[in-house]
Enquirer: 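Take a look at the following structure, please.
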Amino acid sequence: MKTRTELNELFEQNKINLYEMIASEDVYKSKCMQLASNSLDELIELSKANGISTVYYEYFHYNKEAYHMDEEEFDDISDEVMAVINEDIQEYNSLMETMDYSKPYILKVFCNIGSLTIFASIVDDWLTDQGIMPANEKLGELLDTHESTLNEIFENREERMNILFDELTEFIKNDDEFYKCTNATFRRNYMYDLAEREETQKFIEVIEDDEGYINRKIQMLIEELWRDYRLSKKRLDEE
C-alpha cells in the first residue's frame with residue numbers, strides 16, 4: 001500500500017490533484033462502482049480520459065480499542081477462570097501495545113464522473129495476516145484452548161455449590177430465627193438477613209448470585225422448608 005507521500009507523487013506526476021477526505025458510507029453505496037482491477041493506475045487512466053483533474057482518498061485504520069482486553073471483557077467471567085487465562089491475556093495485551101495502529105489497512109481513492117463515484121480499494125490486512133484477532137475473538141479462543149481445565153473447574157464448583165447448599169439447608173432447619181418467620185414478609189426479611197449474618201458468610205456463594213443479588217433458589221428453599229415445617233407441625237397437632 002502506498003504512503004501519503006508516494007500517493008501524492010503518483011498523482012502529481014500525472015497532473016491530477018489529490019485530496020484526502022473522510023467519506024460517509026453513502027459515498028461507497030450510492031451510484032458507486034469499484035474498479036474490477038482495484039488499480040490506481042487504471043483509476044488515473046480513467047480520470048485522464050474523462051478530463052478529471054481532482055480525485056480524493058481516504059485511509060482506514062484498525063481500532064486499537066478493539067485489540068485490547070480490558071475489564072469490560074471479563075464482566076461475566078469468574079475469578080477462577082481468570083486465574084487460568086490471565087497470563088495469556090497479559091501476553092496478548094503486551095503484544096497489542098507493540099502494534100503500529102497508525103499504519104492503515106485500507107486505502108480508497110475515488111473520483112466523480114458525472115453522477116457516478118468510481119473508486120479503487122487497496123487492502124493490506126496486515127494485522128490479521130499476522131494471525132492476530134480482535135479482543136473478543138481472542139478471548140473466545142483462549143476459553144476454547146483451556147476448555148479441559150475450565151470444565152474441571154466448573155465441575156468442582158458445581159460440586160462445591162451443592163455441598164454448600166445442603167449445609168445451608170441444614171443451617172436453616174436448625175435456626176431458631178427461621179421458625180419465627182410466620183408470614184411471607186418475615187421470611188423475605190430472613191432471606192436477606194442470611195446474606196448479612198456473620199455465621200452464614202461461608203454460604204454466600206449460594207445465597208447470592210454472580211451479580212450480588214439473592215439467589216432465587218434460596219427463596220424457593222425457604223418457602224419449601226416452611227411448608228414442610230407447617231405440614232409436620234400439623235401432623236403432630238393431629239396426633
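Keep in mind that this is a model prediction, so the values were computed, not measured. Sequence positions, counted from 1, serve as the residue numbers for this chain.
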Enquirer: Between Tyr67 and Trp126, is there shared hydrophobic-cluster membership here, with clusters defined by ILVMFWY side-chain heavy atoms closer than 4.5 Å?
Expert: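 Yes.
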Enquirer: Strictly by modelled atom types, are Thr117 and Asn112 linked by a side-chain donor-acceptor pair under 3.5 Å?
Expert: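 The criterion, which ignores hydrogens and geometry beyond distance, is satisfied for Asn112 and Thr117.
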Enquirer: Near Tyr101 OH, under 6.0 Å, is it more than 12 heavy atoms from other residues, nucleotides or ligands?
Expert: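 Yes - once you tally the heavy atoms of other residues, nucleotides and ligands closer than 6.0 Å, there are more than 12.
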Enquirer: So how far is it from Ser121 OG to Glu58 CD, rounded to the nearest 0.5 Å?
Expert: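 So the OG of Ser121 and the CD of Glu58 are separated by 10.5 Å.
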Enquirer: Is any side-chain N of the basic residue among Glu170 and Lys173 closer than 4.0 Å to the acidic one's carboxylate O?
Expert: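 Counted as a salt bridge, because a side-chain N and a carboxylate O are separated by less than 4.0 Å.
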Enquirer: Between Phe178 and Trp226, what is the ring plane arrangement, given parallel below 30°, perpendicular above 60°, and tilted in between?
Expert: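 It falls in the perpendicular class, over 60°.
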Enquirer: Answer yes if Phe186 and Tyr190 sit in the same cluster of Ile, Leu, Val, Met, Phe, Trp and Tyr residues linked by side chain heavy atoms under 4.5 Å apart, and no otherwise.
Expert: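 Hydrophobic grouping puts Phe186 apart from Tyr190.
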Enquirer: Can you tell me how far the CD atom of Gln34 sits from the CZ atom of Phe110, to the nearest 0.5 Å?
Expert: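 Gln34 atom CD to Phe110 atom CZ measures 13.0 Å (nearest 0.5 Å).
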Enquirer: Please check if the side chain of Asn86 supplies one atom and the backbone of Met82 the other of a donor-acceptor pair under 3.5 Å.
Expert: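 The answer is no, because no donor-acceptor pair under 3.5 Å joins these two groups.
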Enquirer: Atom CD of residue position Glu6 - does it have more than 12 heavy atoms of other residues, nucleotides or ligands inside 6.0 Å?
Expert: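 Yes.
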Enquirer: Would you compute the distance between atom CG of Leu40 and atom OG of Ser47 and round it to the nearest 0.5 angstrom?
Expert: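 That separation rounds to 10.0 Å.
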Enquirer: Any sub-3.5 Å donor-acceptor pair from Asn93's side-chain atoms to Met69's backbone N or O?
Expert: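 A pair under 3.5 Å: yes.
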Enquirer: Ignoring hydrogens and angles, tell me if any N or O in the side chain of Tyr92 forms a donor-acceptor pair with the backbone of Ala135 under 3.5 Å.
Expert: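 Yes.
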Enquirer: Are Leu46 and Leu10 co-members of a hydrophobic cluster defined by side-chain heavy atoms under 4.5 Å apart?
Expert: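 Per the 4.5 Å side-chain linkage, Leu10 and Leu46 are co-clustered.
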Enquirer: Near Glu223 CD, under 6.0 Å, is it more than 12 heavy atoms from other residues, nucleotides or ligands?
Expert: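 Result for CD/Glu223: enclosed.
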Enquirer: Answer with yes or no whether the side chains of Ser39 and Asp41 bring together a donor and an acceptor at under 3.5 Å.
Expert: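 Looking only at side-chain atoms, Ser39 and Asp41 do not form any donor-acceptor pair under 3.5 Å.
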Enquirer: Answer yes or no: is there a donor N or O on one side and an acceptor on the other, between the side chain of Asn50 and the main chain of Ile52, under 3.5 Å?
Expert: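 Checking the backbone N and O of Ile52 against the side chain of Asn50, no donor-acceptor pair under 3.5 Å is found.
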Enquirer: Does Met161 share a hydrophobic cluster with Leu150, counting links as ILVMFWY side-chain heavy atoms below 4.5 Å and allowing steps through other members?
Expert: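 No; tracing contacts between hydrophobic side chains, which count when under 4.5 Å, never links both residues.
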Enquirer: Count I, L, V, M, F, W, Y as connected when their side-chain heavy atoms are under 4.5 Å apart, and connections chain through other members. Are Leu221 and Ile163 then in the same cluster?
Expert: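 No, no single cluster joins them.
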Enquirer: Strictly distance-based, threshold 3.5 Å: is any side-chain N or O of His61 a donor or acceptor partner for the main-chain N or O of Ser102?
Expert: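 Between the backbone of Ser102 and the side chain of His61 there is a qualifying donor-acceptor contact (under 3.5 Å).
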Enquirer: For residues 155-167, which residue pairs pass the salt bridge (charged side-chain N to carboxylate O under 4.0 Å, His left out) check, not counting sequence neighbours?
Expert: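 Non-adjacent pairs meeting salt bridge (charged side-chain N to carboxylate O under 4.0 Å, His left out): Glu80-Arg157, Glu80-Arg160, Arg157-Asp210, Arg160-Glu205.
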Enquirer: Look at Lys48 together with Glu45 and state whether they make a salt bridge at an N to O cut-off of under 4.0 Å.
Expert: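 No salt bridge links Lys48 with Glu45.
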Enquirer: Aromatic contact between Tyr229 and Tyr179, with the criterion being ring centroids under 6.0 Å apart: yes or no?
Expert: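 Distance test on ring centres: under 6.0 Å, yes.
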Enquirer: Tell me every residue that passes side-chain hydrogen bond (donor to acceptor under 3.5 Å, both in side chains) with Arg230, counting only those two or more places apart in sequence or in another chain.
Expert: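 Listed in chain order: nothing, the list is empty.
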Enquirer: Testing the 3.5 Å rule here: is there a donor-acceptor pair between the side chains of Tyr62 and Asp125?
Expert: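 A donor-acceptor contact under 3.5 Å links the two side chains.
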Enquirer: Donor-acceptor pair, distance only, cut-off 3.5 Å: does the side chain of Asn215 make one with the backbone of Asp209?
Expert: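 No: the side chain of Asn215 does not pair with the backbone of Asp209.
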Enquirer: Taking Gln201 for the side chain and Arg197 for the main chain, is one N or O donor matched with an acceptor at less than 3.5 Å?
Expert: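 It does hold such a pair.
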Enquirer: Does Asp193 come within less than 4.0 Å of Arg188, counting only side-chain N to carboxylate O?
Expert: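 Not counted as a salt bridge, because no side-chain N and carboxylate O are separated by less than 4.0 Å.
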Enquirer: Please indicate whether Glu87 has more than 12 foreign heavy atoms, meaning atoms of other residues, nucleotides or ligands, lying under 6.0 Å from its CD.
Expert: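 No.
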Enquirer: Is there a donor-acceptor contact under 3.5 Å from the side chain of Asn14 to the main chain of Ile16?
Expert: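 No, Asn14 side chain to Ile16 backbone: no donor-acceptor pair under 3.5 Å.
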Enquirer: As an exercise, state the distance from CG of Asn136 to CD of Glu141, rounded to the nearest 0.5 Å.
Expert: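 Going from the CG atom of Asn136 to the CD atom of Glu141 covers 12.0 Å.
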Enquirer: I'd like to know if Glu97 and Lys64 make a salt bridge, using a cut-off of under 4.0 Å between side-chain N and carboxylate O.
Expert: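 Salt bridge flag = yes for Lys64 with Glu97.
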Enquirer: If every non-hydrogen atom of Lys2 is compared with every non-hydrogen atom of Leu107, which pair is closest and at what distance?
Expert: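 Heavy atoms only, the tightest pair is O-CD2, 4.4 Å.
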